[in-house]
Amino acid sequence: EAGCQTDLQVIRQQKMRKKSTTKSKASRPQREASKGLRKRNAVFADAEAMKQRARVVLTQPQHHVFDNYHDSGCIQAIAKSSLFELFTLLIIVANAIWIAVDTDLNNAAVLIQAPLIFQIV
């Protein structure tokens with residue numbers, strides 16, 4: 001048992017042990033008789049069970065982060081507004097573009113040696 005998992009000799013010995021134990025469990029006539037009666041495993045799961053699980057998942061209410069916000073107030077109104085969402089996405093896109101510009105044009109190894117625009121922004 002002192003061997004690496006990828007050691008071919010150990011793997012062969014384990015396979016031989018498995019073969020010898022499975023052959024001794026049932027006699028040869030029993031194995032041959034059971035071959036014809038052996039039930040095949042289904043390739044796909046039960047269709048009705050899958051449909052039922054899909055129905056359960058689809059009928060559950062969807063989670064919206066707005067459900068956790070207050071119903072009144074200035075801040076919740078800003079957070080729920082589509083204008084705020086668009087502004088946030090605009091900032092993210094602008095940041096991605098700036099990272100690309102900084103990567104392409106800033107050749108300085110440290111920030112102090114970089115041009116002033118890269119130090120400020």
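In this structure, the side chain to side chain contact (heavy atoms under 4.5 Å, CB included) partners of V56, at least two apart in sequence or on a different chain, are Q52, Q60.
For residues 50-73, the pairs satisfying salt bridge (charged side-chain N to carboxylate O under 4.0 Å, His left out) are E48-K51, with sequence neighbours left out. Note on residues 101-121: pairs passing side chain to side chain donor-acceptor pair (under 3.5 Å), not counting sequence neighbours, are D102-N106. Annotation: ring-ring contact (aromatic ring centres under 6.0 Å, His included) contacts involving residues 96-116, sequence neighbours excluded, comprise W98-F118. Residue pairs meeting the ring-ring contact (aromatic ring centres under 6.0 Å, His included) criterion with at least one partner in residues 47-83, sequence neighbours excluded, are F66-Y69.
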Donor-acceptor pairs are to be reported for all side-chain atoms of residues 78-95 against protein atoms at under 3.5 Å, with residues two or more places apart or in another chain.
unit_1, atom_1, unit_2, atom_2, d
K80, NZ, Q76, OE1, 3.3
S81, OG, I78, O, 2.9
S81, OG, F84, N, 3.2
T88, OG1, F84, O, 2.8

